[in-house]
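Notes for the one structure printed next.
Worth knowing before you read on, the calculation uses all heavy atoms, side chains too, and leaves out hydrogens, waters and symmetry mates. Counting convention: from 1, in listed order, for ligands and their atoms alike.
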Amino acid sequence: MDLAWLAAAVFVLLWQSVECSRAVKEWTYAEAVGQSEWAEFFPDCGGFSQSPIDVDTSRTLYDPSLAPVQPLGYGQYGHEPFTLSNSGHTVEMPLPSWMGVAGLPWQYSAVQLHLHWGNGIGVATGSEHTIDGQSASAELHVVHYNSELYANISQAKTERNGLAVLGVLLEAGSETNQAYAHILNYLGRIRYAGQKVAIPAFDVQTLLPKDLSHYFRYNGSLTTPPCYQSVLWTIFSEKVKISHSQLLKLETVLYSSKSTEPEPRLMQDNYRVTQTLNHRLVLSSFFPVSVKIYTDGEISAIVIGSLCGCIGLAVIVWFVVKTIRSTSSWDVLPSVRPPPQSRTNDVAKNLKPDMALKTASDPEKKEEAAPQPEP
Ligand SMILES: *[C@@H]1O[C@H](CO)[C@@H](O)[C@H](O)[C@H]1NC(C)=O
Ligand SMILES: *[C@@H]1O[C@H](CO)[C@@H](O)[C@H](O)[C@H]1NC(C)=O
């Protein structure tokens, strides 16, 4: 009996430790449990609807029913400060639940925003989504949950259409972006994983591009473990510019290690590589800009080409019609053609045959028809 209890206790302990290691399984982008190994520990990461993706604008489908995205309450930040934190994977800022987004198939409530970026060396990489194979330097994600169908984020995050994320591609320019300064100016206060800082609240909508009507839409996943395939993605077409020094700050100030760890690890290249599309559709709310614009020369070539084509076709049609007409007159010789029918013939048919003959051989009529010439 004691043995059975002991066995049960050991089993429970083992089970708990397994569950525990599963729940807090550490992952990274390029070190132990790097992104190529995520799927071993987080099965959804190996699914068929993963994010991010490359948006190939020659294959997106224009959907005129996609309305402009409408941020709700993004500007009503009140007097409570926001909190910025270093999660060890990114810089994150929780959003009040009265903020949300409309213009999607459901109403979604805001949860948090965070960023992904590169390492500041060489070509511009750092964004998660790419457009026609081109990376941007960084990417902002504003995460929402479906508050029409679910009670909270924990319930929604595993369900299809449970989450909606707005994705903004960032690139470096010459001017300081004052909206992003609200976040980037405080990174020095949260250099190590687990650190938090209260920052003055600001209008979150100023982080988004001006044009909220041009975007790409597809069904995908969280871009970090556990990679739940529950996200309705909106990737804005317009990129937002931050200054080179702002970008450099993002790329070099934060550590993914705790302050107690002996060797600090810079938080860099915290973006996932693009995933296979696997038969998914990517919709666009606008006609793709990559649609070919013809030059004047090309237009004249097309007009002349079409004209020549039309004339050629007319000649062929004329020739074919002519051929058919001439062959049909050879087919049916005049001698075997049925005699022309007329009203007088109908009358003649009703007469008795002899009378008809008599009419036909009427000498007076013949004279009338062919009068004799005067001698
Ligand atoms: C989320 O909602 C469910 C269902 O109402 C509830 O059971 C759960 O406790 C909630 N979780 C949180 C974190 O609020
Ligand atoms: C996303 O999936 C839902 C089904 O859950 C479908 O109705 C919707 O059309 C899909 N959206 C896109 C953009 O493919």
In a table with atom names and distances, give each donor-acceptor pair under 3.5 Å that connects a side chain of residues 101-113 to protein atoms at least two apart or in another chain.
from	atom 1	to	atom 2	distance (Å)
Y108	OH	N161	O	3.0
S109	OG	S147	OG	3.2
Q112	OE1	H114	ND1	2.8

- Task: Give the minimum heavy-atom separation between T90 and N270, together with the two atoms involved.
- Result: CA-ND2, 3.9 Å
- Logged contact type for V282 with ligand 2, heavy-atom cut-off 4.0 Å, is neither
- Side-chain (N86) to main-chain (R191) donor-acceptor, under 3.5 angstrom: yes
- Message: Once you measure the plane-to-plane angle for F202 and F82, does it fall in the parallel (<30°), tilted (30-60°) or perpendicular (>60°) bin?
- Response: perpendicular
- Neighbour list for ligand 1 [protein residues, heavy atom under 4.0 Å]: A151, N152, S154, Q155
- Less than 3.5 Å between some nitrogen or oxygen of N219 and one of ligand 2, yes or no? yes
- Item | NZ/NE/NH1/NH2 to OD/OE distance under 4.0 Å, E128 and R272 | no
- Task: Enumerate the atoms of ligand 2 whose separation from the nearest heavy atom of L283 is less than 4.0 angstrom.
- Result: 13 (C)
- For the pair W233 and Y218, name the ring-plane relationship: parallel under 30°, tilted 30 to 60°, perpendicular over 60°. parallel
- Neighbour count >12 (heavy atoms, 6.0 Å) for atom CZ, R189: no
- Could an N or O of ligand 2 be found under 3.5 Å from any N or O of Y218, whether backbone or side chain? no
- Item | Neighbour count >12 (heavy atoms, 6.0 Å) for atom CZ, R59 | no
- Per-atom filter on ligand 2: closer than 4.0 angstrom to a heavy atom of R217 are 13 (C)
- Under 4.0 Å from a heavy atom of N161: give me the atoms of ligand 2 that qualify, with their elements. 5 (O)
- Message: How close do Y215 and P68 get, counting heavy atoms only, and between which atoms?
- Response: CE2-CA, 4.4 Å
